Amino acid sequence: MTQYSYSRVDLYEKCPYHFKLRYVDKLTEIPDWNNPANPLIIGNALHKGIETDVETAIAQYFDSFPGINDRMIEESMKLEILIPKVKQFLEENFVGFEYIHEYEIDKPDYKGFVDLILTTPNGESMVIDFKYSNHIKNYVDSGQLHIYKHYLEQDGFDIKRMAFLFVPKTSVKQKDTEDLYHFRKRMVQAVEDSKVTLVPIEYNNMHVVYFQNNIKKIEAEKKYPKNVSRDCFSCKPKFAPMYLDAIQNDKGDVEMVLPKNERRERTIDTKPDFWIYGDSYVGKSTFVDKIENVLFLNTDGNTDNTTAPVIPIKNEVTKEGRRTNVKLAWELFLEVIHDLETVENDYEAVALDLVEDMYEHCRVYVFEKNGWEHESDGSYGKGWSKVKTEFNNQFKRLKALGYQVGYVSKEKVEEITLKGGSKRTTFKPNINDKVANFLTGTVDLTMRAFTNSDDERFLQLAKKNNVFGGGRFAFQAETCELDYDSFVEELTVAQEGKTTKKKTTKPKRKKRNEVAEEENEEVQEESAAEEKEEKPKRTRKKREAKPDEQEDGVVEEKPKRQRTSRNSSEEEQEEKEEKPKRKRRERKPVEDDTSPGEEDSSDDAPAEDEKPKRQRKRRTRVGN
């Protein structure tokens with residue numbers, strides 16, 4: 001039997017149509033990385049911080065995005081205030097309670113995770129669900145806590161109370177006349193003034209009955225009507241989710257579901273879809289050119305260093321007598337996609353170089369088609385929506401063909417302001433953030449190519465907050481050489497052993513007191529083992545010889561200072577050695593290989609010979 005969660009059944013109640021897209025058709029939804037206050041991402045970070053600490057929560061929040069910006073810094077500043085505020089509230093109001101975070105309920109017909117279970121010494125429990133929201137009325141009638149109580153009691157919990165804990169959500173916007181420092185100061189003050197609210201809920205068994213009846217309706221459903229509750233956010237074009245496996249119109253409606261790739265599943269994927277970006281002439285196209293049977297779709301004409309077949313994507317101008325015909329570059333791109341769909345060929349990969357030029361070609365195509373000069377020439381939001389829909393649909397169409405897809409872009413360097421006021425350099429593809437977030441959701445990994453001070457070229461594999469990128473592979477190395485064979489080796493290492501592991505049943509979550517007893521036993525065993533080990537003897541550190549001391553231990557005797565007579569003649573003074581002029585020491589330039597996003601300098605480099613200390617020469621006094 002299918003396991004149902006509360007959110008799954010709630011989506012069916014609001015809109016069976018979007019329930020079908022997500023759970024029946026199982027379309028892949030691209031995450032909303034354009035919103036720093038994404039409810040799912042920031043909610044998970046908030047729960048993590050309450051369970052562990054602020055540092056862990058902030059790290060998880062930043063790792064959820066391909067890159068960071070000023071707005072994300074501000075959301076992290078809110079979390080740094082809110083997490084201790086929630087912890088303090090719980091400590092003051094639930095003294096002596098046992099805490100169980102993220103308790104998993106796993107039943108044949110239901111699966112869910114409880115945010116927090118508080119248990120008294122006498123065995124009575126209270127269920128709390130965290131909500132990062134100010135709209136208390138929207139959750140008071142929710143059946144979520146009632147469902148938790150029903151299934152928790154089957155696990156042996158004695159649930160006496162239920163409550164929602166509302167964490168205040170502060171929405172402060174920066175004024176046009178306000179700088180970043182004063183805006184953040186005002187925002188921090190608003191968050192500090194906010195208060196955590198606990199709302200008790202009385203148990204109602206009818207919510208459980210409705211939940212179970214809806215499961216029966218879902219099992220028997222065949223039509224899946226749209227927005228039956230008139231309260232589905234996904235049915236509004238502004239909030240419509242973006243599906244990777246479907247072509248959608250301007251309203252977000254799915255017009256055609258693309259065919260699924262029915263190829264056999266590879267044990268180790270050595271041909272992932274990727275996006276590589278970097279500075280000019282770093283070797284991005286040469287890297288992609290090493291892929292076997294790749295077709296280049298080139299926009300900038302820089303194909304001298306590549307050997308793969310290439311199709312220039314540019315405007316084609318032809319003349320017929322006095323008439324001049326222009327075929328736009330985007331129209332040529334559409335013809336290429338059509339040929340790849342219909343014509344038999346032996347290509348295995350398609351590379352788009354440069355992808356930001358493709359977006360500009362798409363804009364020109366939409367403008368020409370609608371008689372516009374800019375997106376704002378359309379009705380409210382229509383121009384932007386048409387460009388976005390056209391670009392996204394054609395790229396999803398290309399990806400659905402089954403070829404390995406590679407995007408190539410140039411690099412854009414920007415600075416963000418951290419909470420302390422310091423600046424941090426960030427690296428991202430040279431395209432607007434919304435398009436970048438869409439494109440990185442269609443590939444398996446996004447990588448930055450860079451050159452260090454020794455003119456060595458590398459690929460950034462590991463996730464770094466100031467470098468836009470990331471992916472689904474757990475690379476063992478932080479960087480690798482900018483060579484496709486080296487990249488495939490690291491890719492293979494990252495996947496070895498993962499696909500061969502057998503699935504095992506997940507053990508039931510242990511209670512807090514059981515985990516504490518096991519940890520105490522482990523600590524006692526470790527301490528007993530350490531006592532058996534012999535403590536190493538303390539060695540006395542030898543004193544280093546001073547510069548005046550020789551290697552054989554004999555101190556060199558300094559010559560005594562001789563005082564010259566004031567009555568010395570000028571001839572005697574001329575016979576003395578002339579004091580050499582002091583030479584100014586030249587400072588060598590410092591090589592810095594540790595800029596954000598680049599490899600640190602190697603520790604194995606040979607050290608320079610240590611220069612002897614300069615000895616000061618005594619000046620002889622000249623007589624009058």
Side-chain angles (χ1 to χ4, degrees), residues 5-7 35-65 72-105 111-120 124-136 138-140 142 144-145 147-149 152 155 157 159-171 187-188 190-201 419 509-516 519:
S5 64
Y6 176 79
S7 59
N35 182 15
N38 185 303
L40 180 61
I41 295 176
I42 204 166
N44 290 337
L46 182 65
H47 295 170
K48 191 69 175 179
I50 296 172
E51 183 179 358
T52 57
D53 51 60
V54 174
E55 291 74 15
T56 305
I58 300 301
Q60 176 176 306
Y61 173 76
F62 285 143
D63 289 342
S64 301
F65 294 93
M72 295 175 188
I73 296 295
E74 289 148 16
E75 290 299 328
S76 68
M77 294 169 65
K78 296 178 185 178
L79 289 174
E80 289 181 352
I81 301 173
L82 292 174
I83 291 173
K85 190 184 289 284
V86 174
K87 285 188 171 184
Q88 182 181 359
F89 179 87
L90 294 173
E91 291 173 358
E92 293 177 352
N93 292 274
F94 300 100
V95 179
F97 282 72
E98 177 192 354
Y99 291 64
I100 302 177
H101 293 275
E102 292 293 325
Y103 182 86
E104 180 181 359
I105 303 175
K111 190 178 186 68
F113 293 88
V114 185
D115 290 343
L116 180 62
I117 301 175
L118 299 171
T119 304
T120 61
E124 295 181 353
S125 299
M126 178 179 183
V127 180
I128 292 181
D129 190 73
F130 302 117
K131 296 297 181 185
Y132 184 55
S133 174
N134 299 324
H135 303 289
I136 298 177
N138 296 345
Y139 295 95
V140 172
S142 170
Q144 186 173 9
L145 290 175
I147 306 302
Y148 286 163
K149 172 180 168 62
L152 284 174
D155 285 351
F157 288 93
I159 307 299
K160 294 297 184 182
R161 291 187 293 169
M162 306 180 305
F164 286 113
L165 185 64
F166 287 92
V167 182
K169 186 175 183 179
T170 306
S171 300
M187 179 199 69
V188 169
V191 178
E192 290 178 345
D193 294 341
S194 62
K195 295 182 180 180
V196 176
T197 305
L198 185 71
V199 180
I201 302 295
K419 66 174 184 176
R509 186 183 180 92
K510 297 180 180 180
K511 294 184 178 180
R512 190 182 183 92
N513 55 357
E514 295 177 357
V515 175
E519 289 179 352

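These figures come from a predicted structure and were not determined experimentally.
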Do [X] side-chain atoms and [Y] backbone N/O form a donor-acceptor pair below 3.5 Å?
| X | Y | value |
| --- | --- | --- |
| K131 | Y139 | no |
| K85 | E192 | yes |
| S64 | Q60 | yes |
| N134 | K169 | yes |

Shortest non-hydrogen contact from [X] toward [Y]:
| X | Y | result |
| --- | --- | --- |
| V54 | E80 | CG1-CG, 3.8 Å |
| K87 | T52 | NZ-O, 2.6 Å |
| K149 | I159 | NZ-O, 2.8 Å |
| A57 | A45 | CB-O, 3.2 Å |
| L82 | S194 | CD2-OG, 4.2 Å |
| M126 | F94 | SD-CE2, 3.6 Å |

Parallel, tilted or perpendicular, as decided by the 30° and 60° cut-offs, for the rings of Y103 and F157: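 Plane angle over 60°, so perpendicular.
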F65 and Y61 aromatic ring geometry - parallel, tilted or perpendicular at 30°/60° bounds: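 Taking F65 first and then Y61, their aromatic rings stand perpendicular (interplane angle over 60°).
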Return the [atom1] to [atom2] distance between [X] and [Y], rounded to the nearest 0.5 Å.
| X | Y | atom1 | atom2 | value |
| --- | --- | --- | --- | --- |
| T120 | F97 | OG1 | CZ | 6.0 Å |
| E75 | N38 | CD | CG | 10.5 Å |
| T170 | E74 | OG1 | CD | 12.5 Å |
| I83 | T56 | CD1 | OG1 | 9.0 Å |
| Y6 | L145 | OH | CG | 9.0 Å |
| L152 | S125 | CG | OG | 8.0 Å |

Test side-chain contact (heavy atoms from CB on, under 4.5 Å) applied to L90 and I50, step by step: CA-CA 10 Å; L90 294 173; I50 296 172; 4.2 Å; yes
Tell me, do [X] and [Y] make a side-chain contact under 4.5 Å, heavy atoms counted?
| X | Y | value |
| --- | --- | --- |
| F166 | V196 | no |
| Y132 | K78 | yes |
| F62 | I73 | yes |

side-chain contact (heavy atoms from CB on, under 4.5 Å) partner of I128, chosen from V114, L118, I117: L118
K48/E51 ion pair, N-O < 4.0 Å: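 E51 and K48: not salt-bridged.
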side-chain contact (heavy atoms from CB on, under 4.5 Å) between I147 and I105, worked out: CA-CA 11 Å; I147 306 302; I105 303 175; over 6 Å; no
